[in-house]
Amino acid sequence: MARLILKSPFLKGGKNAGGHVRYIATRERVELVPDGRPATQKQTQLIDSLTKDFPDAKKLPEYSNYRDSPTKVNASVFITRALEDNWTDVQQSDIYAEYIATRPRVERVGSHGLFGDEDYVDLKKVTAELQTCEKNVWTHIISLKREDAARLGYDNARTWRNLLLTHRNDIAAAMNIPPNDFRWYAAFHDEGDHPHVHMMAWSAGDAPGYLSPVGIGKIKSMLTNDIFRQEMLHVYEQKSHSRNELVAEARRAMLELADEMKRGVCEHPEAEQMLLSLSRELKNAKGKKQYGYLSKSVKKQVDDIVDQMARLPSVKECYEKWLELQQEVNEFYSDKPMERVPLSQQKEFRAIHNAVIQAALRLEHLTFEDRNMARYDEPDDILQGSEICGRIWSVVCDDSLPLDLRDEGVARLRAQAEDGDPYAQLLLGRLYRDGPLVTPDWMEARYWFEQAARELPDAQYALGKLLLADDVEVHDREQGIRWLTRAAERGNEFAAYRLAKELLKDRNVTETLPWLAESAEADNPYAEYLLGKLYWEGEDIPQDMGQAVHWLTQAAEQGHAYAQILLARQDSPSLPSAILAVNSLLHSIGCIFQDNAHVIDGTHGQHTDRKLRRRIQEKKIAMGHKPDDHEEQGWGGMSM
């Protein structure tokens, strides 16, 4: 049941608006007779007529109360509510008009109860204004449950007036009426199970205003948030301990399921084939490879993959938990159960669409499983060759030290580099490539790497890697391959791996395999994994599952997550790339569910979008943090 009910009919062209404002201002308060006397024959006949003329009246809670207990009091409350909800049509009926004028057992409270922007409202003046109004006049009805109104203090006109005054400009905006042209008057009716306010609103200016379903939703949301402000801040901390425990348990279960997705191995041949099909479609798609820019047919493929993934037990159960938690919030805003749509149509999970697209696009890359290799391929043990640079570098990278001390370290490092120290030149190149403490400048990084590369194979590797990057200022594939080759020839296992991977783009297997094998034999898990994957696929080299299992096992023993996945699926007929893409997608879905669990948990005010996170990271780098200082270290921490 919604905590606040809002209905917003309108009187077209202001017809009968004068009569309506006079009615809500002077309508007598129903006297609640404390006995169970049955409804009168006249009331029963009128109710039959009302439910026939206005079938939706049967959905009102007042009708349910009358149906369960057909007393005079319940009949009177229902009739009043039904008449008010259908005011425009009621004005055309002599039967209903007669009842309004002669309602039984009423108690008048004052001359009128109208309030608005002004402290005093001249009812005659307002009536005259509305009788000449030719614009649409909205007749909002805002009601609460009796227990909520009593508990929160909304059982009197003063509190309601303060609420509406606070939000009068917000309501005007939702109705597309300039604040200066917005006119409104309201009256509080304290009766039945749903004490309520009648609010009439219109435009006194040239713009007539209009109210869409979205606008109605905005009004309802802002009033609900204000009335239930304290309760909404603690949606999951209700007084009922058992309910609190139930919700907390559902949230914990959802987070555990999301974590299971991130760590689990997925076997889903249907999704694998669908991703392969989508990958082929994306090859021919023009424009951005993002969901919003794709054709309807390709969007349909993406939706189907999302719903296919939603059949996995962990995803299905997690989505069910999310729906349970979302319904807890939804009950504050709507008296209708939240629509249970497929995961692909749930707007809060739109990020999954682009996760599917990224998974399909990865199928076209030689490998996407070494994205985090940059954390391991340039170890600092090279600094054993220069004790001075080692000490300076430890100061530069120590986040706990004051910035001025670290800046001094950068100055000393520069002085060492300018004096010809190749280790200082290599480290200064890294600073200009990655930060921290200096603004990244890849041209400057290239210069210092070139100086150091005259002596150090690690600098040759760093230079080759930089020249193969996508940055147009430094990209030079021919020179990048040359420097990787020189580094590999001097025993750099990562250079051998990157060189093999680059040569494999040209399908140059003859030159590729020796370098890949050399890196794998040096216990490089990335090379072991790629070599095992190539033997499995059998496209660039003859298929050899024995060699594939051998090299994948070597990589898996070092914690290579993707090697572990393939070994778990070694009997599958699917291509390794498709198996990995589906598992990577499941990991992404788990992350998205974790984000949404925290949003429902009431922490949405702290949710940080991707662009803001990037700006924060840039700021942190400028302040001396490393780009990846938030990531775990070790082979087992590889990102999926």
Side-chain angles (χ1 to χ4, degrees), residues 253-285 288-326 338-365 368-369 537 561-562 564-566 568-597 639-640:
M254 180 179 169
L255 291 171
E256 289 173 2
L257 288 165
D259 190 57
E260 180 184 324
M261 287 184 226
K262 294 169 64 177
R263 292 182 290 101
V265 176
C266 166
E267 184 170 356
H268 203 330
E270 295 87 351
E272 292 162 7
Q273 294 306 311
M274 293 169 76
L275 272 176
L276 287 170
S277 176
L278 177 62
S279 177
R280 290 189 289 268
E281 287 290 335
L282 291 173
K283 276 186 183 178
N284 303 318
K288 291 184 178 181
K289 302 299 191 297
Q290 294 179 1
Y291 185 80
Y293 294 90
L294 301 178
S295 65
K296 287 184 179 180
S297 60
V298 180
K299 284 182 180 178
K300 176 66 164 54
Q301 282 186 273
V302 175
D303 291 346
D304 289 344
I305 293 173
V306 175
D307 290 333
Q308 190 67 238
M309 294 295 292
R311 296 181 182 181
L312 290 170
S314 58
V315 181
K316 182 178 180 180
E317 188 174 353
C318 199
Y319 185 41
E320 287 296 322
K321 293 294 182 185
W322 181 86
L323 288 172
E324 289 177 17
L325 295 178
Q326 189 66 31
M338 189 178 70
E339 186 180 2
R340 299 174 70 88
V341 299
L343 182 59
S344 64
Q345 306 304 312
Q346 188 63 256
K347 63 180 182 179
E348 283 81 1
F349 290 98
R350 285 176 294 189
I352 296 179
H353 291 129
N354 284 322
V356 168
I357 294 167
Q358 290 303 311
L361 290 173
R362 291 189 190 115
L363 294 173
E364 296 305 309
H365 297 300
F368 58 86
E369 302 92 325
E537 290 177 332
Y562 289 99
Q564 295 166 353
I565 290 172
L566 290 184
R569 295 284 309 279
Q570 60 184 284
D571 296 327
S572 171
S574 298
L575 290 173
S577 56
I579 295 172
L580 295 169
V582 168
N583 278 273
S584 177
L585 175 58
L586 181 62
H587 175 271
S588 298
I589 292 173
C591 293
I592 294 168
F593 267 107
Q594 280 189 333
D595 288 344
N596 276 280
S639 170
M640 289 177 61

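Atoms considered below: every heavy atom in the structure, side chains included; atoms not considered: hydrogens, waters and symmetry mates.
Scanning for side-chain contact (heavy atoms from CB on, under 4.5 Å) contacts around D304 gives M274, K300, with sequence neighbours left out. The side-chain contact (heavy atoms from CB on, under 4.5 Å) check on R311 picks up Q308, with sequence neighbours excluded.
With respect to the salt-bridge test (charged N to carboxylate O, under 4.0 angstrom), the residues E320 and R340 qualify.
Listed here is the closest heavy atom pair of Y291 and K299: O-CE, 2.9 Å. Shown here for I592 and A355, the closest heavy-atom pair between the two residues is CD1-CB, 4.4 Å. When all heavy atoms are compared, the tightest approach of S277 to Q301 is OG-NE2, 3.2 Å. Nearest heavy-atom pair, L586 versus L312, reported as atom, atom and distance to 0.1 Å: CD1-CD1, 4.0 Å.
Going from atom CD1 of I589 over to atom CE of M309 covers 4.0 Å, rounded to the nearest 0.5 Å. In this structure, CH2 in W322 is found 9.0 Å from CG in L343, a value given to the nearest 0.5 Å. From K283, atom NZ reaches atom CZ of R280 across 8.0 Å, with rounding to the nearest 0.5 Å. Distance CG/L278 to CD1/I305: 4.5 Å, rounded to 0.5 Å. Note that CD of Q564 is 10.5 Å distant from CG of L566, once rounded to the nearest 0.5 Å. Remark: I357 CD1 to S279 OG distance equals 12.0 Å, nearest 0.5 Å.
In this structure the side chain of K347 never reaches within 4.5 angstrom of the side chain of V341, judged on heavy atoms. In this structure, the side chains of V315 and F593 come closer than 4.5 Å at one or more pairs of heavy atoms.
With hydrogens and angles disregarded, no donor-acceptor distance shorter than 3.5 Å links the side chain of D303 to the backbone of Q345.
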### Task
Mind running side chain to side chain contact (heavy atoms under 4.5 Å, CB included) on L294 and L282 for me, showing each step along the way?
CA-CA 9 Å; L294 301 178; L282 291 173; 4.1 Å; yes
